[in-house]
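Note sheet for the following structure.
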Number of protein chains: 2
Amino acid sequence: MKIVAPALPDALPDAAPDATVDMGPLTGLIGYALRRAQLAVFHDFNRTMEAEAIRPAQYSVLKVLQRNPGLRQGQVSTALGIKRANFVPLLDELQRRGLTERRAVPEDRRAKGLFLTPQGATLLAALDAKLGEHEARFVARIGQQGKYTLLGLLQQLSDPAFDPDG
Amino acid sequence: MKIVAPALPDALPDAAPDATVDMGPLTGLIGYALRRAQLAVFHDFNRTMEAEAIRPAQYSVLKVLQRNPGLRQGQVSTALGIKRANFVPLLDELQRRGLTERRAVPEDRRAKGLFLTPQGATLLAALDAKLGEHEARFVARIGQQGKYTLLGLLQQLSDPAFDPDG
DNA sequence: TATTGTTATACTCTATAACTATA
DNA sequence: TATAGTTATAGAGTATAACAATA
């Protein structure tokens, strides 16, 4: 498969073996390139965490609770960009598996404070070790300098402060 | 965070993590940063193409057919990383809207060649104009040089040739 | 009245298995 | 036997609306 992308290394994942497909300007689009890269990285993440059956969103919740024990549900879901309605079943599952718990918040009886259980903390330690290997596989491709360059660029794309409309 | 257009098909993603929440190592993860950036860019894409009701995957199909008229369904879906089973309803919808058509392939009666209709070509021209503005909004954030740096890094993350496991 | 967590619902995207008609 | 397109289905992710308890 031939990639028309001047000034870029060529090839995309899962290329048609026999045909030459001109991807045209697609490979030069930020959004298209982001989608392909995210699929590759998330796929590796899922494979890495397969034994523990933890997906990216679940890991992000555990990690936030480790650093911010007692946060309210709404604070966690907002911080992670997950709608609060969708956050409920996600959290139910983590709780069902004994990894997190909801506790009453004295100051506001509507709210629930979230905490890792000891099992959750233990699992997270194991996940972090595997995550290091996952991350290292991609750092091996682009280098430490490349990673920091990438994170800076992605931050600018994500940050609404850079969006005149947003 | 501010809601710009509540009536849109996509609500604005909560792109900015809450300031009081320690995101810890999450923001330093390639996958997490990719997800946030992709959400921001795809959201802008969907807002940009709202009037035409074209989503990223649909645009990518139209663009590939413009450059490669007559490609078979399997070739298009493989090139775009879409499973052939999922490609059927996507294509059905484009066809229902009169934007693409399936034609018999004389050499192989199992296969179907895909083509843009005149309406599809006309729509694509309009989409491309809007896409230019969409892309420019993000280039305005990171610069032309930043864009090419970014595309190169993303390409390396996506490229299975860099993956020792395949 | 507004907010927190919840339920219900729907649509998209993704993934697998199995069918049909061809090859 | 294998392949191209299709159907059916199931699991995630994400979106909105509305409700009960509480502020």
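Here is the naming used below: chain letters follow the sequence lines, and residue numbers restart at 1 for every chain. These numbers come from a predicted model, not from an experiment.
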Pair listing, ring pair (Phe, Tyr, Trp, His ring centres under 6.0 Å) test, anchored in residues 125-146 of chain B, at least two apart
B:F45-B:H134, B:H134-B:F138
Span of DNA chain C in contact with chain A (heavy atoms, under 4.0 Å)
C:dA2 to C:dT14
Within the 4.5 Å heavy-atom criterion, are A:M49 and A:Q58 side-chain neighbours or not?
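A side-chain contact under 4.5 Å is absent here.
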Following the transitive rule for hydrophobic clusters with a side-chain heavy-atom cut-off under 4.5 Å over Ile, Leu, Val, Met, Phe, Trp and Tyr, establish whether A:L151 and B:L153 coincide in one cluster.
no
hydrophobic_cluster_shared for A:L124 and B:M23, side chain cutoff 4.5 Å:
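Same cluster: B:M23 reaches A:L124 through Ile, Leu, Val, Met, Phe, Trp or Tyr contacts under 4.5 Å.
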Are the side chain of [X] and the backbone of [Y] linked by a donor-acceptor contact shorter than 3.5 Å?
X	Y	result
B:R67	A:D22	no
B:N46	B:F42	yes
A:R103	A:G113	no
B:T100	B:L116	no
A:T48	A:K130	no

How many whole angstroms separate atom [atom1] of [X] from atom [atom2] of [N]?
X	N	atom1	atom2	value
B:D92	D:dT7	CG	C1'	11 Å
A:L90	D:dT14	CG	P	9 Å
B:L39	D:dT14	CG	P	6 Å
B:K83	D:dT6	NZ	C1'	16 Å

Hey, what bend do you get for the helix from C:dT1-D:dA23 to C:dA23-D:dT1 if you fit axes on five pairs at each end, rounded to 10°?
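The end-segment axes of the helix from C:dT1-D:dA23 to C:dA23-D:dT1 are tilted 10° relative to each other.
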What string of B, S and - do you get for nucleotides 18-23 of chain D, 5' to 3', if B is base contact, S is sugar-phosphate-only contact and - is no contact with any protein heavy atom under 4.0 Å?
B--BBS
A:Q38 side chain to B:R35 side chain, donor-acceptor N/O pair below 3.5 angstrom:
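No, no side-chain donor-acceptor contact under 3.5 Å.
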Donor-acceptor side-chain pairing of A:T27 and A:R36 below 3.5 angstrom
no
Using a heavy-atom distance cut-off of less than 4.0 Å, which residues of residues 50-73 of chain A contact DNA chain C?
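Here the set is A:R72, A:Q73.
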Side chain to side chain donor-acceptor pair (under 3.5 Å) assessment of B:R84 paired with B:T78:
CA-CA 7 Å; B:R84 71 191 195 282; B:T78 299; over 6 Å; no
Restricting to pairs with a member in residues 147-158 of chain B, which pass salt bridge (Lys or Arg N to Asp or Glu O under 4.0 Å), not counting sequence neighbours?
B:E135-B:K147
